[in-house]
Amino acid sequence: MNKDEIENLITLSSDLRWKIGDDFHDSLAEGIYADASEISNASVSKDNEKKKFRLDAKIDRIVTSKTWGFPIMFLVLALILWITIIGANYPSAMLADVLLDIVHPFLKGLAAGIGMPWWLDGFLIDGVYLAVAWVIAVMLPPMAIFFPLFTLLEDFGYLPRVAFNMDYLFKKSGAHGKQALTMSMGFGCNAAGVVATRIIDSPRERLIAIITNNFSLCNGRWPTQILIATIFIGAVVPSSLSTVASMSAVIGIAILGIFFMFLTSWALTKTVLKGEVSTFNLELPPYRPPRVLKTIYTSLIDRTLIVLWRAIVFAAPAGAVIWLISNIYIGNESIAAWTIDSLDSFGFLLGLNGVILLAYIVAIPANEIVIPTILMLTVLVTGVTGGEGAGVMFELDSVNATGDLLRSGGWTLLTAVNLMLFSLLHNPCSTTIYTIYKETNSLKWTTVATLLPVIMGFVVTFLVAQIWRLF
Amino acid sequence: MNYNPTYALLIFFGLVLISYLLFRPKSGWFWVIKNNLKSNEKIVIEDVLKQLYHTENAGKDMNLHQLSNSLKFDERTIVDVIKKMTIIELLTFDGENLKLTDSGRDYALRIVRVHRLWEKYLAEKTGFDKMEWHDRAEDMEHKLSHEETDLLATHLGNPQYDPHGDPIPTKLGKVADLEGEFLSSLKVGSVGRIVHIEDEPDVIYKQILAEKIHIGSQIRVIENNKERVVFYAEGQEFVLAPIVAANITITLLEKEESLEENMARLSSLKDNEEASIIGISKESRGDSRRRLLDLGFVRGAKISIDLESPFGNPIAYLIKGTSIALRHDQASKILIKKGIENGK
């Protein structure tokens, strides 16, 4: 064919395309469906299906009913969170015993035995090893419990019903009902929550779910919230009420997180995301008995181990940095001390302090090591006795002792409240940031997802601090 | 540290106020300044051409005074630009009226083409709200080059009509016909299809949107007088002021064609009813429409309600043996024929 003919053909085809009009996509889909149903009518015989469908319909009537839908949902979520938090305590304590109290001294002894120089030993064992060990001890058990439970519900077919029930609320803020699921997943781990947004097939709603996932208080932050609430909030009420008060404070923070999630979703749809394509559809698949073993296996491999591996990769250098800044001296002060000094006035403005801000900077890789870092840095700058030495993270066995140490670092009730707020509203951990980048493939949205919460955190803690000081 | 929290708060709210004034949508100072900087001669020329094109198409005349009233630029700028345009032969004077020359008409068609293509693009490929299409296209029509416009057209599959029902001129300046009469001028009892909804002026367009009137709907006029126009479409009655109805164009249908008298929107389906799908309204576009088609919402499919969520929205529909939840506004864009009582 010569060039002219090709040109003619192309012109003809675009001319025809133009004349056919816009309806031909519809006709095509209709045609395909017509053919498909003809084939299936001729070759597929149906029986027993009716009966099975009735049971499904009965379950559906209950779990999506006006009366029972929401109570069942909250009960299930609360139960899963409760099992996770309580159940994770024991294996976490065991892992901490082994990794921190047995292996760590053993490694130190070994290093001393082979005459390793103090800086190499500190860098590797007190820095890198300790951070990794900490992350494993605190992170692994809750994830190993939470993810299989969640995946079982998913496998059973209940989760799409939750999305169905909640959609109306999420629609109000421009989000997708399935965000209820990714949000709940975020209570386990934000990185996993971000991965879970793959179930949302509408581009705009998926971005919303990714950016706002950080407002779900994750496993790494629950212990911080509970510890601080127990020490400071529990102390201001009579001791008989202290458990109730501190627990309500923690739940209050989690609910505040949900509020911020809705608020941010709404603001995002109205502004930066309004040009993204938005569609909706939600399939309610039939229920089926969950395949327990397969589920546990895949959720451990696909979710837990991948997330844990990413966390370790990021925690190792963080541990090194924490040790280095506490042990490298400029003049007669360590880098940590200098930084804390220069951050102190900004921290004060936010009702926090330099130690907390520095801890949140170096502990970006994992929220789990924020408290150990804060304790270590507090000892470093206040010079009170205790701790394990410069750059060595630690936790105290008794809550009271932790409280005393923090108070000697100048902590007040305001510091505690604002720490709890800041723990909710700050940048996602680096594992999550990396996951967001992987999922969105966009530097822009990763930046938004990273900076938006931390700016909100600054604003909220600032306002709380000023108003607190006015009264 | 000694400082006064009141001052800190005042400074903070001061900063918030300033950034609000600078960056609030549309009327923020930053945007205003940015817009003023770019309103150059090219934009004025193109807006003049477009205005004249639309007036001539409507069969009216326009003099300099009317023109400058209908554009948002000051008179001086317009006079300067018109002088220049007569020199480069984009327009001529016919008495006191302005007329487009052939090359002026070509140029105007190109601008119209970009505008309508861009509206089509916004409707099909982005999530921007209907209300924003026009303004965004107004902006874009001055920016796209020839090559970019053709690429865009190819990308969209050389569409014939924009989302309001206006024909999109082709590369060679061919324009599909838009035949029809204004809804306000129809006789009682006439049957037709909505083919065009004018998006200007804003106030009237908003009213049409608020009524949830869809392009492509079949209608039957029930009442038409100086006070109101009442018509029946997709199982519902709509009441409009004549001035609003004048912005809707209808193509009349032969009586035999109008078989779908009991056509209704899926959103009106009751719990125990069964229906078959007639089609998806033209208002459902882009990915959203394709997804519905893929899920089996095609002509002839049987549909009934499976479940209602606690808030009554979304509703799960049983279609082709699967339960699919749709939101109310989606369901209102799917057309059904009710009939078969299920009786369960």
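Lettering follows sequence order; numbering is per chain, from 1. Note that the coordinates shown come from a computational prediction; the quantities given were computed from them, not determined experimentally.
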Any donor-acceptor pair under 3.5 Å from Gln330(B) side chain to Phe280(A) backbone: yes
Residue pair Pro314(B) / Tyr168(A): nearest heavy atoms and the distance that separates them: CD-N, 4.3 Å
Closest non-hydrogen atom pair, Gln466(A) against Ala8(B): OE1-CB, 3.6 Å
Chain B interface, residue from Ser37(A), Gly275(A), Ala29(A), Ala465(A) that has the most non-hydrogen pairs under 4.5 Å: Gly275(A)
Which atoms of Phe13(B) approach chain A - backbone, side chain, both or neither, heavy atom under 4.5 Å: side chain
Heavy-atom closest pair, residues Pro310(B) and Ser65(A): CG-O, 4.0 Å
Other residues, nucleotides, ligands: >12 heavy atoms within 6.0 Å of Trp266(A) CH2: no
Over 12 foreign heavy atoms within 6.0 Å of NZ, Lys212(B): no
Exercise: identify the closest heavy-atom pair between Phe12(B) and Val459(A): CZ-CG1, 3.6 Å
Test ring-ring contact (aromatic ring centres under 6.0 Å, His included) applied to Phe297(B) and Tyr33(A), step by step: CA-CA 10 Å; Phe297(B) 289 84; Tyr33(A) 266 101; 9.5 Å; no
Heavy-atom check, side chain of Leu307(B) versus side chain of Leu284(A), under 4.5 Å: yes
With Arg110(B) via salt bridge (charged side-chain N to carboxylate O under 4.0 Å, His left out) - residues at least two apart: none
Contacting moiety of Lys125(B), where chain A heavy atoms sit under 4.5 Å: backbone
Contacting moiety of Arg469(A), where chain B heavy atoms sit under 4.5 Å: both
Salt bridge flag under 4.0 Å for residues Arg327(B) and Asp167(A): yes
Chain A contact via Thr322(B) - side chain, backbone, both or neither, heavy atoms under 4.5 Å: side chain
Test item: Arg291(B) and Asp201(A) side chains (from C-beta on) under 4.5 Å apart, heavy atoms: yes
Distance, nearest 0.5 Å, that separates CZ of Arg61(A) from CG of Asp306(B): 7.0 Å
Leu292(B) side chain reached by Asn281(A) side chain, heavy atoms, under 4.5 Å: no
Best-contacting candidate, Arg290(B), His328(B), Glu132(B), against chain A by heavy atom pairs under 4.5 angstrom: Glu132(B)
Choice from Met166(A), Arg161(A), Lys171(A), Lys66(A) maximising heavy atom contacts with chain B below 4.5 Å: Lys171(A)
Nearest non-hydrogen partners of Ser288(B) and Ser278(A), listed with the distance: OG-O, 4.4 Å
Closest approach of Val277(A) to Thr126(B) (non-hydrogen atoms, all atoms of both residues): CG2-CA, 3.8 Å
Toward chain B, the part of Glu30(A) with a non-hydrogen atom under 4.5 Å: both
Between CG on residue Leu169(A) and CZ on residue Phe311(B), distance to nearest 0.5 Å: 4.0 Å
Per-residue contact mode, Ile315(B) against chain A (heavy atom under 4.5 angstrom): backbone
Contact class of Thr170(B) relative to chain A, heavy atoms under 4.5 angstrom: side chain
side-chain contact (heavy atoms from CB on, under 4.5 Å) evaluation trace for Leu9(B) with Leu463(A): CA-CA 7 Å; Leu9(B) 278 178; Leu463(A) 290 177; 3.7 Å; yes
When Ile32(A), Thr279(A), Thr67(A), Thr269(A) are compared by non-hydrogen pairs under 4.5 Å with chain B, the top option: Thr279(A)
